[in-house]
Trainee: 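After the structure tokens below, expect a handful of questions from me.
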Number of protein chains: 2
Amino acid sequence: MEMRPRDEYKEQQIRQKAIEMIVAEGLDGFGINKLAKAAGVSPATIYIYHKDKEELISSLCVSVAEKMMAFSLQNFSPDMDFADGLRVQWRNRLKYFIQCPLDMEFIEIMRYTHFYEKVTAMLTVNFSEILGAFMRNAEGKKQLIPLPFEVYWAVAYAPLYQLIKFHNQGNSYVNSSFMLNDKLMEQTLGLVLKALKP
Amino acid sequence: MEMRPRDEYKEQQIRQKAIEMIVAEGLDGFGINKLAKAAGVSPATIYIYHKDKEELISSLCVSVAEKMMAFSLQNFSPDMDFADGLRVQWRNRLKYFIQCPLDMEFIEIMRYTHFYEKVTAMLTVNFSEILGAFMRNAEGKKQLIPLPFEVYWAVAYAPLYQLIKFHNQGNSYVNSSFMLNDKLMEQTLGLVLKALKP
DNA sequence: CAAATATAAGTGAGCGTTCGTTTATTTAAA
DNA sequence: TTTAAATAAACGAACGCTCACTTATATTTG
């Protein structure tokens, strides 16, 4: 006298198709009934796994952000040499965006919605502890100019994200077909290190 | 036998409240009936000035982008010295975001919707001509390392946008209250110039 | 110089549709 | 048989948008 087990594949499809739909059509083009059709389930099935639309999207944000952070910190330690540590982080983010391009775009869309507060709250804990420590260590070793955290972050990471943006939208302001590769990343990282080293 | 003149204030209110609403609640929280109430007009009045919801939003994107570009190119010329030219651009963008913070956030929200294609098309024309020329001139004068346009852009502008982002959301990953000011901007610009100069 | 007229601005009510969500029922594993 | 998963159908609410109508203004008319 036991219960019928959940079909994990269905929940997986719901999550996958939801991200695809939001990336393709934006948050305003996203709907529960549409999602149900795309995922091949009944609308009511979605409500077995999620309280409501709000909670579904929040849940997606959190799980994607967790995956991104796990990627980002692979083979990384706060006491690495500055140039090595920054290179590892850049490589990890590039690897993540090549392996999960939809996730990257999904997070960028969410950044300007009220959902992002939950992501920020999570990222703050980890990034402030680990990356804050990395920054302070590098400063101590005289491998990094002492800077306010925001200035450091803006110079150290924003250029990479901009390159990824150009890549994702397939073009920049002048090139009609831009593709990010290892050589371009390495060149940009070189400039950033030049800026940040004493 | 003449006509009743349009009340320009009404159209102005429609546009203003639309931007406020989208910034506050996102594209999915935006609606024609809600907008009509906020602007103090009838829903039907909106359709005197705009074909439909799509055209209204497109029109907002274009006019905001035009205003932003006009700001951005004030007192700027492609044949300025590199450091001076870049400083003028940074100052202009900062001035714009202080003077029109809603516009800035509006554009950022729109960046990840299908409306942004129209903005990109417009920006491409101007930015590629004027800023492309600025970059080539600076290279010719040996004031800028020769770089692919995307790498240049990512290093030269992305850090400023990141600082503005931190400011707009009121906090970064570690600071619970971050405010961008001239001194921080100048410090960051210094790093960027260091990276880009030969 | 009113009063009448023509024109377009502007509106309230409500159309048909789509939305997020729920209910009544069936299906499948234990 | 029991339990929960899963669904098809349908709900009220909210949506974008339109229609029949009123209001305001510039001109023409007497």
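Convention: sequence-line order gives letters A, B, ...; per-chain numbering from 1.
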Trainee: Kindly write out the residues that satisfy salt bridge (charged side-chain N to carboxylate O under 4.0 Å, His left out) with A:E54, not counting sequence neighbours, or none if the list is empty.
Mentor: none
Trainee: According to the side-chain hydrogen bond (donor to acceptor under 3.5 Å, both in side chains) rule, which pairs have a member within residues 148-164 of chain A, sequence neighbours left out?
Mentor: A:R93-A:Y161, A:E150-B:S172, A:E150-B:N175
Trainee: Where do N or O atoms of nucleotides 25-27 of chain C meet protein N or O atoms at under 3.5 Å, pair by pair?
Mentor:
unit_1: C:dT27; atom_1: O2; unit_2: A:R4; atom_2: NH1; d: 2.8

Trainee: Within the side chain of B:K17, is there an N or O that forms a donor-acceptor pair under 3.5 Å with the backbone of B:G40?
Mentor: no
Trainee: From NZ of B:K37 over to C1' of D:dC15, roughly how many Å is that when rounded to an integer?
Mentor: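 Going from NZ in B:K37 over to C1' in D:dC15 covers 13 Å.
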Trainee: Let me know the distance between NZ of B:K34 and C1' of D:dA14, rounded to the nearest Å.
Mentor: 10 Å
Trainee: For residues 23-33 of chain A, which residues have at least one heavy atom under 4.0 Å from DNA chain D?
Mentor: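 Per residue number, the list is empty: none.
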Trainee: Examine distances only and state if a side-chain atom of A:K194 and a backbone atom of B:K197 form a donor-acceptor pair shorter than 3.5 Å.
Mentor: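 The answer is yes, because a donor-acceptor pair under 3.5 Å joins these two groups.
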Trainee: Mind jotting down which residue pairs meet the ring-ring contact (aromatic ring centres under 6.0 Å, His included) criterion with at least one end in residues 18-58 of chain A? Sequence neighbours excluded, please.
Mentor: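 Every pair satisfying ring-ring contact (aromatic ring centres under 6.0 Å, His included) with a residue in residues 18-58 of chain A: there are none.
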Trainee: Kindly write out the residues that satisfy side-chain contact (heavy atoms from CB on, under 4.5 Å) with A:A24, not counting sequence neighbours, or none if the list is empty.
Mentor: none
Trainee: Listed by chain and number, what are the side-chain contact (heavy atoms from CB on, under 4.5 Å) partners of B:S128, not counting sequence neighbours?
Mentor: A:V174
Trainee: Quickly work out the B:K53 NZ to D:dA14 C1' distance and round it to whole Å.
Mentor: 12 Å
Trainee: Do any pairs count as a salt bridge (charged side-chain N to carboxylate O under 4.0 Å, His left out) and have a residue in residues 125-148 of chain B, sequence neighbours left out, and if so which ones?
Mentor: B:D81-B:K141
Trainee: Mind jotting down which residue pairs meet the ring-ring contact (aromatic ring centres under 6.0 Å, His included) criterion with at least one end in residues 53-79 of chain B? Sequence neighbours excluded, please.
Mentor: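 Qualifying pairs: B:F71-B:Y96, B:F76-B:F134.
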Trainee: Only counting residues at least two apart or in another chain, list the ones meeting side-chain contact (heavy atoms from CB on, under 4.5 Å) with B:M122.
Mentor: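 Once residues adjacent in sequence are excluded, the partners of B:M122 under the side-chain contact (heavy atoms from CB on, under 4.5 Å) criterion are B:V62, B:A65, B:E66, B:M69.
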Trainee: Give a yes-or-no answer on whether the side chains of B:E8 and B:Q12 include a donor-acceptor pair shorter than 3.5 Å.
Mentor: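 The answer is no; no qualifying pair exists.
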Trainee: Closer than 3.5 angstrom, by distance alone: can the side chain of A:W90 be matched with the main-chain N or O of A:E186 as a donor-acceptor pair?
Mentor: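 Checking the backbone N and O of A:E186 against the side chain of A:W90, no donor-acceptor pair under 3.5 Å is found.
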Trainee: Looking only at heavy atoms, what is the nearest atom pair of A:E55 and A:D52, with distance?
Mentor: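 That closest heavy-atom pairing would be N-OD1, 2.9 Å.
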Trainee: Mind running a 4.0 Å heavy-atom check of residues 5-20 of chain B against DNA chain C and sending the residues that fall below it, in number order?
Mentor: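 Close to the strand are B:P5, B:R6, B:D7, B:K10.
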Trainee: So which of residues 38-52 of chain B are in contact with DNA chain D, with a heavy-atom cut-off of under 4.0 Å?
Mentor: B:P43, B:A44, B:Y47, B:D52
